[in-house]
2 protein chains.
Amino acid sequence: MPKATFFNLPDEKRERIIDLAVGEFERLPYDKASVNRIVRDSGIAKGSFYQYFEDKLDLYTYVIHLIVEEKLKYLSPLLGNSENEGFFKVIEALFKSGIQFAVEHPRYVNISKIFMADTASPIYAGVVKANLHKSHEIYRQLISQGIERGELRSDLDVDFLAHLMTDMNYSVVDYVKKIRGNILDESLVDFLRGFLSYLEKGIGNPQE
Amino acid sequence: MPKATFFNLPDEKRERIIDLAVGEFERLPYDKASVNRIVRDSGIAKGSFYQYFEDKLDLYTYVIHLIVEEKLKYLSPLLGNSENEGFFKVIEALFKSGIQFAVEHPRYVNISKIFMADTASPIYAGVVKANLHKSHEIYRQLISQGIERGELRSDLDVDFLAHLMTDMNYSVVDYVKKIRGNILDESLVDFLRGFLSYLEKGIGNPQE
DNA sequence: GTACAATGTGACCTGCCAGTCATATCCCCT
DNA sequence: AGGGGATATGACTGGCAGGTCACATTGTAC
């Protein structure tokens with residue numbers, strides 16, 4: 001966590017620093033990101049930076065913290081009352097919120113992508129593994145619940161499917177970002193319904 | 001490409017250098033990988049290294065080249081006669097060969113993962129994008145073919161599905177590596193069949 | 001106005017990096 | 001034996017990194 005001095009800063013200055021830091025971390029992995037550059041571009045002295053943060057890792061951890069916090073704002077409404085909704089409805093809502101987050105916070109998504117891929121980063125093991133584990137657990141629960149209710153086939157490999165769906169979540173968000181642009185209209189809902197029908201009924205031709 | 005001098009080296013020495021380089025690149029992204037370390041650990045002089053390779057990028061590119069070459073050995077037998085086989089048979093073979101490659105060349109897979117994630121690497125745009133595009137194209141063709149033959153639903157979003165299957169390929173390989181260990185017996189075939197049935201028939205309960 | 005704490009500053013430190021080059025050694029051909 | 005091209009060597013250069021520190025400036029309370 002940044003030092004008290006950082007939070008005493010005028011909003012404008014504090015936000016400028018974070019803005020520059022986000023700009024740096026969305027371009028470069030932790031080790032290549034440069035405190036020198038952030039400091040130069042945001043017009044503060046090198047010494048001042050170290051009055052605000054313990055070190056480079058402190059800044060990075062704080063930015064990740066901001067991202068996780070923001071992401072939770074999108075997810076928390078969904079995780080409360082999932083028991084009363086059908087499996088595919090919950091999945092639709094989950095994927096939709098993921099896309100919404102990506103559209104509204106593209107820079108955060110860039111950082112997350114670099115972050116999650118950067119196994120050499122000093123906090124990878126702690127944060128990424130923990131979050132992937134959480135995500136995996138959520139899917140495990142939803143799938144088990146879906147099987148109990150008879151919504152899903154009973155012969156599913158729950159663990160594998162949870163893994164697959166975690167990855168598919170990223171894949172879908174990625175595809176929407178790359179190919180379909182940042183449009184958040186009802187065509188997106190149709191797109192998601194299409195995906196869900198692949199998931200539910202498969203892509204094979206039932207006539208055969 | 002390495003200089004002629006490198007290929008004139010005694011096999012043992014040449015292989016030791018590549019072995020150390022692979023060890024370095026499977027641990028660290030391009031920019032953090034250190035020529036100094038490779039040189040020190042393999043017991044050759046710094047100056048000698050630059051008699052063998054133009055620069056660090058030359059070595060890296062060569063290692064990637066070796067990986068791609070090896071990967072093609074696994075893939076090329078499959079891509080020739082895909083027209084006579086059913087869609088799901090071809091997919092099964094593709095995924096199986098991916099797993100086989102991962103089991104037999106775990107270090108190569110580590111390098112590939114870091115490589116593909118490292119968008120800051122100087123050859124990312126050229127090699128990774130080109131390969132992803134190729135993979136995407138192969139899936140597009142297979143899917144289109146599958147639709148024409150009536151094996152697949154006719155309302156599929158071919159582009160999206162190609163994207164999804166490219167990612168699922170990695171996801172499945174990843175899962176097998178992480179969770180199921182490096183066992184390459186018939187249980188793997190069962191596992192793959194399970195996955196294919198999710199893909200073909202979906203995970204929903206057909207009774208409902 | 002003065003005392004004192006909080007904040008700001010940039011030259012400087014050490015460490016690691018990729019890459020160079022003058023020099024030494026090796027090895028083969030005559 | 002000796003000449004010459006190929007190969008080996010490691011001290012050295014310049015650049016950039018993260019982090020430090022003695023000192024300057026500002027803000028506050030009396």
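Chain identifiers are assigned alphabetically (A, B, ...) following the order of the sequence lines, protein sequences preceding nucleic acid strands; residue numbering begins at 1 within each chain.
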With sequence neighbours excluded, give me every salt bridge (Lys or Arg N to Asp or Glu O under 4.0 Å) pair touching [range].
range	value
residues 87-96 of chain A	A/Lys89-A/Glu92, A/Glu92-A/Arg193
residues 2-14 of chain A	A/Asp11-A/Arg14, A/Glu12-A/Arg16
residues 165-179 of chain A	A/Lys113-A/Asp174, A/Asp174-A/Lys178

**Prompt:** For C/dC16, does either OP1 or OP2 sit under 4.0 Å from a side-chain N or O belonging to B/Asn36?
**Reply:** no
**chain A footprint on DNA chain D, 5' to 3' - any atom under 4.0 Å from a heavy atom** =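 Here the contact window of chain A covers D/dA17 to D/dC21.
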**Prompt:** Checking all strands, does B/Arg37 fall into the base, sugar-phosphate, or nothing category for heavy-atom contacts under 4.0 angstrom?
**Reply:** sugar-phosphate
**Check: B/Ser34/B/Asn36 side-chain N/O donor and acceptor closer than 3.5 Å** =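 The answer is no; no qualifying pair exists.
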For residues 117-129 of chain A, which side-chain donor-acceptor pairs fall under 3.5 Å, sequence neighbours excluded?
| unit_1 | atom_1 | unit_2 | atom_2 | d |
| --- | --- | --- | --- | --- |
| A/Asp118 | OD1 | A/Ala120 | N | 3.3 |
| A/Asp118 | OD1 | A/Ser121 | N | 3.4 |
| A/Ser121 | OG | A/Ile123 | N | 3.3 |

**Request:** Just jot down the ring pair (Phe, Tyr, Trp, His ring centres under 6.0 Å) partners of B/His163, sequence neighbours excluded, or say none.
**Result:**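 By the ring pair (Phe, Tyr, Trp, His ring centres under 6.0 Å) rule, B/His163 matches A/Tyr175.
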**Request:** Using the test ring pair (Phe, Tyr, Trp, His ring centres under 6.0 Å), find all partners of B/Phe101 that sit at least two apart in sequence or belong to another chain.
**Result:** B/Tyr74, B/His105
From [atom1] of [X] over to [atom2] of [N], roughly how many Å is that when rounded to an integer?
X	N	atom1	atom2	value
B/Asp55	C/dC17	CG	P	17 Å
B/Lys32	C/dA18	NZ	P	12 Å
B/Lys56	C/dC16	NZ	C1'	11 Å

**Item:** Contact letters for nucleotides 4-10 of chain C, in which S counts primed atoms plus P, OP1 and OP2 and B counts the base, heavy atoms under 4.0 Å
**Value:** ---SBBB
**Complete:** Taken in chain and number order and not counting sequence neighbours, the residues that satisfy side-chain hydrogen bond (donor to acceptor under 3.5 Å, both in side chains) with A/Asp19 are A/Arg107
**Message:** Checking the side chain of A/Ser135 only, and the main-chain atoms of A/Asn131 only, is there a donor and an acceptor separated by less than 3.5 Å?
**Reply:**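 Judged by distance alone, no pair lies under 3.5 Å.
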Let me check something: any side-chain donor-acceptor pairs from residues 197-204 of chain A under 3.5 Å, sequence neighbours excluded? List them with distances.
| unit_1 | atom_1 | unit_2 | atom_2 | d |
| --- | --- | --- | --- | --- |
| A/Ser197 | OG | A/Gly194 | O | 3.0 |
| A/Ser197 | OG | B/Arg153 | NH1 | 3.3 |
| A/Ser197 | OG | B/Arg153 | NH2 | 2.9 |
| A/Tyr198 | OH | B/Asp157 | N | 2.7 |

**Request:** Can you sort out which residues in residues 113-122 of chain A have a heavy atom within less than 4.0 Å of DNA chain D? Ascending by number, please.
**Result:**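 Nothing qualifies; none.
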**Message:** Please list all pairs meeting ring-ring contact (aromatic ring centres under 6.0 Å, His included) that have one or both residues in residues 26-55 of chain A, counting only residues at least two apart or in different chains.
**Reply:** A/Phe6-A/Phe53, A/Tyr30-A/Tyr60, A/Phe49-A/Phe53
